[in-house]
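We count ligands from 1, going down the list as the structure has it; atoms in each ligand are counted the same way.
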Amino acid sequence: MASRRTIPALVAHGGAGAATAGDERGERRRGMLAAARLGAKILQSGGSALDAVVATVAALEDHPLFNAGYGSLLNSEGNLEMDASVMYAHPVSGPEVKRGKETRHPAEDDDYDVSAGAVALVSRVRNPVMLARAVMERSPHILLAALGAERFARNCGMRLVKPAEMISPRARERWRARKRQQAEELAQAAARASMLPEHGTVGAIAIDQDRGIAAATSTGGVPGKLFGRIGDSAIIGAGTFAHVLGAASATGQGEAIILTSLCREAVLALAEGSPEVVAREAIAEMIDATGAEAGVILLDRRRRIGYAHNAASMQVARFDPAGGLRHLWLAPIARVGRDRK
Ligand code: GLY
């Protein structure tokens, strides 16, 4: 079956949050580029956007400097509880219609199959993003959590690891340092204030040559989070969204991202604005509604890219065949000039 081809593109983020320590900047940059390069190679060899975003996010999950998979932050009890999600929109071609010399596929432009999968509160799976994909492809559900998600992983043939194997020495040391800091009495309001996002939730969005559009996000959550807390990265529409119009992945304070359905709102707004403008507006609206810190990456079906955040810093890696692979540290948005272009 013939299909209209497009030029692929991918954007990955390594989280918005506190300024990165100088000695970690180079290593984070290398980690971002290596992960995005994996996704870019998949797209360049004709692979799907879904394969590309999952490979990119899985590589970031394996990196100890990112707050996902092996590098995940620990919850208030010193345990690991990871969240991840994927969403995939791919075109469904209609039957061929011959008109003179022309062959058309009437359904191609608007007809997309859309599917999603997510996991929450998992601690025994090396790559939560792969489990999210398995939920999407191999279960009738969208979100599985905790022991049920891990049992499903085992039934899918995934190896379960001991939770201790997933805790990096860096994450354990950070948790101890936080506990020392919190040894004094901590009022609930102060605890809430301490739930500031920290660098490292990871995500990727991509479009492939067959116009498939995908998004994936993975996180260890926010520092100091309570046992059982689920963040935006497990919630389709909040931390992850992919649709006919484009794809988005978010980072930052999950409660604010969930309250504002950040990724779904941003993708739907692509009907009226460019990703660059929509990303800035989405973050500005999130600030107005919640006063929190967050970031978002956006891609539309025309392969235009946008990103915005209001944290101290955020890093992205982007790929397209014309521009190649690039890494950027993004400045926070200025709180003016929110008019649509
Ligand atoms: N954005 C990551 C979280 O809040 O869990």
Atoms of ligand 1 under 4.0 Å from any heavy atom of V222, numbered from 1 in the order shown, are 4 (O)

Taking 4.0 angstrom as the limit, do E77 and R229 come out as a salt bridge? no

- Task: Report yes if some N/O of Q253 lies less than 3.5 Å from some N/O of ligand 1; otherwise report no.
- Result: no

Please state whether the rings of H243 and F241 are parallel, tilted or perpendicular, taking 30° and 60° as the class boundaries. parallel

Is it true that the NZ or CZ of R28 lies under 6.0 Å from the centre of F66's six-membered ring and within 45 degrees of the ring axis? yes

Quiz item: Can you check whether G252 has an N/O within less than 3.5 Å of an N/O in ligand 1?
Solution: yes

Fill in: R154 with E150: basic N within carboxylate O range, under 4.0 Å
no

For T201, the atoms of ligand 1 under 4.0 Å from one of its heavy atoms are 1 (N), 2 (C)

inquiry  = So for K225, does at least one of its heavy atoms come nearer than 4.0 angstrom to any atom of ligand 1?
reply    = no

Practice problem: Validate the cation-pi geometry between R172 and W175: distance from NZ or CZ to the six-membered ring centre under 6.0 Å, angle to the ring axis within 45°. | Solution: yes

If we number the atoms of ligand 1 from 1 as shown, the ones under 4.0 Å from a heavy atom of D232 are 1 (N), 2 (C), 3 (C), 4 (O), 5 (O)

Within the 4.0 Å heavy-atom cut-off, what R229 brings close to ligand 1 is side chain

For G221, the ligand 1 atoms with a heavy-atom partner under 4.0 Å come out as 5 (O)

Between ligand 1 and G231, is the shortest N or O to N or O distance under 3.5 Å? no

I'd like to know if R326 pairs up with D320 as an ion pair, taking the criterion as any Lys NZ or Arg NE/NH1/NH2 lying under 4.0 Å from an Asp or Glu carboxylate oxygen. yes

Does the ring centre of H90 sit less than 6.0 Å away from the ring centre of Y88? yes

Atoms of ligand 1 under 4.0 Å from any heavy atom of T219, numbered from 1 in the order shown, are 2 (C), 5 (O)

